[in-house]
2 protein chains.
Amino acid sequence: MKKTSLEEQILQTAEELFLEKGFDATSTTDIAKKAGCNQALVHYYFRTKENLFMQIFAKKQEMVFSCLKLKEESDFQTALNDFIDAYFELLMKNRKLPFFIINELIMRDDRRQYFRKKVIESPEYLKYYGVWNTMLQKEIAEGRVRPIELSDLTLHIVSLIVFTFISLPLYSDFFEKDETEIATYLNHRKEAIKEVIFKGIS
Amino acid sequence: MKKTSLEEQILQTAEELFLEKGFDATSTTDIAKKAGCNQALVHYYFRTKENLFMQIFAKKQEMVFSCLKLKEESDFQTALNDFIDAYFELLMKNRKLPFFIINELIMRDDRRQYFRKKVIESPEYLKYYGVWNTMLQKEIAEGRVRPIELSDLTLHIVSLIVFTFISLPLYSDFFEKDETEIATYLNHRKEAIKEVIFKGIS
DNA sequence: GCTGTGTTTAATAGGTCTATTAAATTTGGC
DNA sequence: GCCAAATTTAATAGACCTATTAAACACAGC
């Protein structure tokens, strides 16, 4: 029936807890307790907490990365619009993802090096950057977009999107919003961000 | 000469370490070691780690808050420009501040309640929100700014500014930037943010 | 020089955490 | 039903962390 159920269970529980509280604040005892097994079992299957964590971190990092792999559309504006949609869609389903990644990258040097190697310096990443840049330069040359560097545009967009999700726990807490209100809020934010970006680059 | 030197020293060292690594990752042993005293002395002066931390957190929170208290200018656009300048100036001198505050607010419910009580629900904060809103509505009514909610505009600006500083360790690490390059980068970002905001709301 | 007060230290209690070890238990193949 | 391998547990080593306690030290005022 449930083959190697506990190994799966541990991995899944660890994912929840690491995303919720981060690496430091999550103990293997916590994971075992929530997964319904002995703490030693966590080490039996994954040997170290670091191992277990890295399996999850690599997966989540890949999720963030995958959003960059966007279909090359003819129209820059459409591509950009789709990109924002895709990113928002991903993060609406994984609200804790931005803070999780950022937090681990800031706190730990080795995680930063790992991310750099796997994402920033990957040929794929560099290729996509080139594609986007070509499209942007064409837009600028043809006067549909004001002169702006891709690095700035990217950081604008990432800032606006990511910070929305990083600050989400504060929003829901400070203003006592329930689940449906949050969903409405997020959709509203998505459109507001598109508006300020598209107006801001034209 | 150096009256109650060690108490001062402990407070100062604690500030550095808490800002650098956060509450959880900083031990009273770390603080004592760096301050050059016995670990028990930290508890002698501040009793608990939490006490010590809260003195620092309250101060830092107040710094963030103080930026909202902007002189009321006649011109909305100037006021907004000055606000961005002030915020950037503060954070350029306190680069770790944004992540420090955000991190503690996200990680701990009680910190969030404290912040809410002291900042979000303070009469001052509400008053400033009202003043800004009046100015914004006037701009919109007179056609100088497109219809936009103050909450959205605020979140746009805060996202763009705060994320610049949150992601700064990644920027300097990934692209191997030195101190002067970082200063240049930050000034560049400030202007780029102003540009996208001002174009984005007109 | 003694005394009392404030400062600093060493020592330690009591807790949690990661990781390991050895023993118990389960399971599948024959 | 039995054996070997895989799974799960209890127990524990060793490290570190917060907070307290009691003792040592410094020094001001007399």
Side-chain angles (χ1 to χ4, degrees), chain A residues 1-60 100 103-104 106-111 114, chain B residues 1-60 100 103-104 106-111 114:
Chain A
M1 199 71 67
K2 40 173 202 157
K3 189 170 72 77
T4 52
S5 166
L6 274 178
E7 183 172 2
E8 259 311 312
Q9 187 62 26
I10 288 166
L11 195 63
Q12 197 179 309
T13 307
E15 183 174 316
E16 285 170 36
L17 289 176
F18 282 140
L19 273 160
E20 179 71 28
K21 311 195 293 171
F23 180 81
D24 284 343
T26 304
S27 73
T28 51
T29 315
D30 290 340
I31 296 168
K33 198 173 291 169
K34 197 173 174 197
C37 69
N38 189 285
Q39 178 260 350
L41 203 62
V42 176
H43 292 273
Y44 171 73
Y45 281 120
F46 301 94
R47 204 169 57 76
T48 65
K49 181 182 165 185
E50 181 71 18
N51 270 350
L52 174 54
F53 178 83
M54 282 310 289
Q55 286 197 26
I56 292 154
F57 186 72
K59 196 176 95 182
K60 294 298 165 184
F100 171 73
N103 190 40
E104 297 301 334
I106 288 178
M107 288 301 200
R108 298 253 315 239
D109 186 58
D110 51 345
R111 306 266 152 82
Y114 182 81
Chain B
M1 199 73 68
K2 40 171 205 156
K3 189 169 73 76
T4 51
S5 167
L6 274 179
E7 182 172 2
E8 259 311 311
Q9 188 62 26
I10 288 166
L11 196 62
Q12 199 178 309
T13 306
E15 184 174 316
E16 285 169 36
L17 289 176
F18 282 141
L19 273 160
E20 180 71 29
K21 312 197 291 171
F23 179 82
D24 283 343
T26 304
S27 73
T28 52
T29 316
D30 289 340
I31 296 167
K33 198 172 292 168
K34 197 174 175 195
C37 70
N38 189 285
Q39 178 259 351
L41 203 63
V42 175
H43 292 274
Y44 171 73
Y45 280 121
F46 301 95
R47 204 168 56 79
T48 65
K49 180 182 165 186
E50 181 72 18
N51 269 350
L52 174 54
F53 177 83
M54 282 310 288
Q55 283 195 28
I56 292 155
F57 185 72
K59 197 176 94 184
K60 296 297 165 185
F100 172 73
N103 190 42
E104 297 300 334
I106 288 177
M107 289 300 200
R108 299 256 311 242
D109 185 60
D110 50 346
R111 306 265 152 82
Y114 182 81

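These numbers were taken from a predicted model, which means no experiment stands behind them. So you know, we letter chains A, B, ... as the sequences are listed, proteins then strands, and number each from 1.
In this structure, B:Thr28 reaches the sugar-phosphate backbone alone: every heavy-atom distance under 4.0 Å involves primed, P, OP1 or OP2 atoms, never a base.
Shortest non-hydrogen contact noted between A:Met107 and B:Asn103 is CE-ND2, 3.5 Å. The two atoms that bring B:Leu17 and B:Thr26 nearest to each other are O-OG1, 3.3 Å, heavy atoms only.
Residues B:Glu50 and B:Arg108 are paired through a salt bridge, judged by an N-O separation under 4.0 Å between the basic side chain and the carboxylate.
Aromatic ring pairs are classed by plane angle as parallel below 30°, tilted from 30° to 60° and perpendicular above 60°; the pair B:Phe100 and B:Phe53 is tilted.
Comparing B:Cys37 and A:His43 along DNA chain C, the residue whose closest nucleotide (by nearest heavy atom) sits nearer the 5' end is B:Cys37. Residue-to-nucleotide proximity on DNA chain D shows that, of A:Gln39 and A:Tyr44, the 5′-proximal contact is made by A:Tyr44.
Between the NZ atom of A:Lys21 and the P atom of C:dT16 there is a distance of 13 Å, rounded to whole Å. The CD1 atom of B:Ile10 sits 8 Å away from the P atom of C:dT8 (whole-angstrom rounding). Rounded to whole Å, the distance from CG on B:Leu52 to P on D:dT18 is 11 Å. With rounding to whole Å, B:Leu41 atom CG is found 15 Å from D:dA23 atom C1'. The CD-P distance, from B:Gln9 to C:dT8, rounds to 11 Å in whole Å. Straight-line distance from the CZ atom of A:Phe53 to the C1' atom of C:dT18: 16 Å, rounded to whole Å. Remark: P of D:dA10 and CG of A:Asn38 are 6 Å apart, rounded to the nearest angstrom. Spacing between atom CG of A:Leu17 and atom P of C:dT18 amounts to 12 Å, rounded to whole angstrom units.
Here the side chain of B:Lys49 is nearest to one of D:dT20, D:dA19, D:dA11, namely D:dA19. Of the listed nucleotides (D:dT8, C:dG6, C:dT20), D:dT8 has the atom at the smallest distance from the side chain of A:Tyr45. Here the nucleotide nearest the side chain of A:Leu6, chosen from C:dT8, D:dT8, C:dA11, is D:dT8.
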- Message: Quick one, A:Gln39 with A:Thr28, criterion side-chain hydrogen bond (donor to acceptor under 3.5 Å, both in side chains). Give me CA distance, side-chain angles, the key distance, then yes/no.
- Response: CA-CA 6 Å; A:Gln39 178 260 350; A:Thr28 51; 3.3 Å; yes

